[in-house]
Amino acid sequence: MPSPSLTRRDTDGRPAGIVLMLHGGKADGLTEVDEGSASWRRAYWMMNQIGGELQQAGYGVWLLRYALRGWNDRVHSPASPVPDARWALEQVRATHGDVPVVLLGHSMGGRTAVAVADDPSVRGVVALAPWLPADEDTTTLRGQHLVAAHGRRDRITSARQTRKFVTRAAEVAASAEFVDMGRAGHYMFRRRAAWNDLALTSTLALLDARRSADHA
């Protein structure tokens with residue numbers, strides 16, 4: 001079976017934190033994710049747009065490429081992105097030690113971020129047009145910070161379900177915010193600058209808050 005991999009934008013020296021980006025996929029699929037994957041490429045383009053400012057602020061940006069394309073309805077299966085995301089978090093610790101991590105996920109990547117938000121290094125989740133079914137577990141977000149953004153023209157994943165998920169998550173999370181992206185669709189082509197700005201400002205806010213708390 002293929003292996004997951006990481007594309008990294010590191011700082012000089014030890015970073016103050018890491019943004020771990022998680023790209024989208026599909027409900028079912030055993031196809032290998034390569035550099036031709038549209039979902040991976042969308043995340044890569046965003047990484048190039050926001051990475052420089054994050055690095056200037058002292059934070060590294062890592063983009064995970066899953067081994068396989070699908071969620072495959074089995075959170076603990078090696079054929080799902082969840083073990084890949086947990087592997088990536090272990091790589092952060094092995095490289096930089098106990099630095100805070102904010103997860104930035106699009107679509108299936110948003111669902112993956114929620115699934116691994118209980119990792120001890122994670123300080124928050126920023127989910128863009130996430131795939132969050134009605135029965136998705138919120139307990140992994142206990143004590144975490146969540147920002148979930150969705151456009152009203154999304155026909156792939158549901159803005160209504162995301163809003164409901166945020167309401168449920170607020171019962172256990174330290175904070176939970178829903179951001180209405182207006183008449184934007186799923187793939188972030190419309191209002192691209194606004195998606196990039198949200199991704200940048202939200203991840204920075206979560207990491208900066210953690211840095212301030214550590215120095216208080």
Side-chain angles (χ1 to χ4, degrees), residues 2-26 32-69 81 84-93 95-96 99-114 116-117 119 121-131 147-151 157 179 181 184-208 210:
S3 299
S5 62
L6 289 159
T7 301
R8 293 167 43 176
R9 301 283 186 269
D10 287 314
T11 59
D12 293 331
R14 188 173 186 263
I18 295 288
V19 174
L20 177 60
M21 299 184 67
L22 305 171
H23 64 81
K26 58 186 296 186
E32 180 179 359
V33 179
D34 58 23
E35 292 186 1
S37 162
S39 296
W40 181 84
R41 281 162 51 199
R42 270 190 294 275
Y44 182 75
W45 293 334
M46 178 174 279
M47 182 188 203
N48 287 337
Q49 291 297 309
I50 70 175
E53 289 191 55
L54 286 166
Q55 287 175 286
Q56 288 176 14
Y59 304 117
V61 188
W62 291 20
L63 170 59
L64 171 64
R65 187 164 73 202
Y66 314 130
L68 300 173
R69 188 178 180 189
D84 293 350
R86 294 203 182 277
W87 167 82
L89 289 162
E90 290 291 347
Q91 297 308 301
V92 172
R93 280 188 288 272
T95 305
H96 295 303
V99 297
V101 177
V102 170
L103 303 171
L104 173 60
H106 172 246
S107 191
M108 185 182 77
R111 188 178 186 184
T112 304
V114 167
V116 302
D119 183 274
S121 294
V122 173
R123 299 295 180 265
V125 170
V126 179
L128 310 177
W131 171 33
V147 178
H150 225 120
T157 56
V179 180
M181 296 299 292
H186 185 70
Y187 296 113
M188 303 187 295
F189 298 136
R190 186 182 180 95
R191 305 196 66 211
R192 182 179 299 177
W195 285 108
N196 288 339
D197 183 65
L198 176 77
L200 176 62
T201 58
S202 296
T203 53
L204 271 175
L206 292 175
L207 287 168
D208 286 349
R210 181 62 189 187

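In this text the structure is predicted, and so the values were computed from the model without any measurement.
Between Ala113 and Leu103, the shortest heavy-atom contact is O-CD1, 3.4 Å. Of all non-hydrogen atoms in Tyr66 and His23, the two that sit nearest each other are OH-O, 2.6 Å. Nearest heavy atom pair, residue Ala67 against residue Ser3, reads CB-C, 3.8 Å. Taking every heavy atom of both residues into account, Pro100 and Arg123 meet most closely at CB-CG, 3.4 Å.
Leu22 contributes atom CG, which lies 11.5 Å from atom OG of Ser107 (distance to the nearest 0.5 angstrom). Atom CG of Leu104 and atom CG of Leu20 lie 9.0 Å apart (nearest 0.5 Å). A distance of 10.0 Å separates CD in Glu53 from OG1 in Thr203, rounded to the nearest 0.5 Å. Separation of atoms CG (Leu64) and CH2 (Trp87) is listed at 6.5 Å; rounding is to 0.5 Å. Taking OH of Tyr44 as the reference point, atom CZ of Arg65 lies at 10.5 Å (rounded to 0.5 Å). Atom OH of Tyr59 is separated from atom CG of Leu204 by 6.5 Å, given to the nearest 0.5 angstrom.
In terms of modelled atom types and a separation under 3.5 Å, the side chain of Thr11 and the main chain of Gln55 share no donor-acceptor contact. For the pair His106 (side chain) and His186 (backbone), a donor-acceptor distance under 3.5 Å is present.
Side-chain contact between Val179 and Leu198 is present, with heavy atoms from C-beta onward closer than 4.5 Å. Using a 4.5 Å heavy-atom threshold, the side chains of Pro2 and Leu68 count as touching.
Salt bridge present: Arg93 and Asp119 bring a charged side-chain N and a carboxylate O closer than 4.0 Å.
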Take Asp10 and Trp62 through the side-chain hydrogen bond (donor to acceptor under 3.5 Å, both in side chains) test and state the conclusion after the steps.
-> CA-CA 8 Å; Asp10 287 314; Trp62 291 20; 2.9 Å; yes

Checking side chain to side chain contact (heavy atoms under 4.5 Å, CB included) for the pair His150/Met181: CA distance, chi angles, key distance, verdict?
-> CA-CA 6 Å; His150 225 120; Met181 296 299 292; 5.9 Å; no

Evaluate the criterion side chain to side chain contact (heavy atoms under 4.5 Å, CB included) for residue pair Val116 and Leu89; output intermediate values, then yes/no.
-> CA-CA 9 Å; Val116 302; Leu89 289 162; 4.1 Å; yes

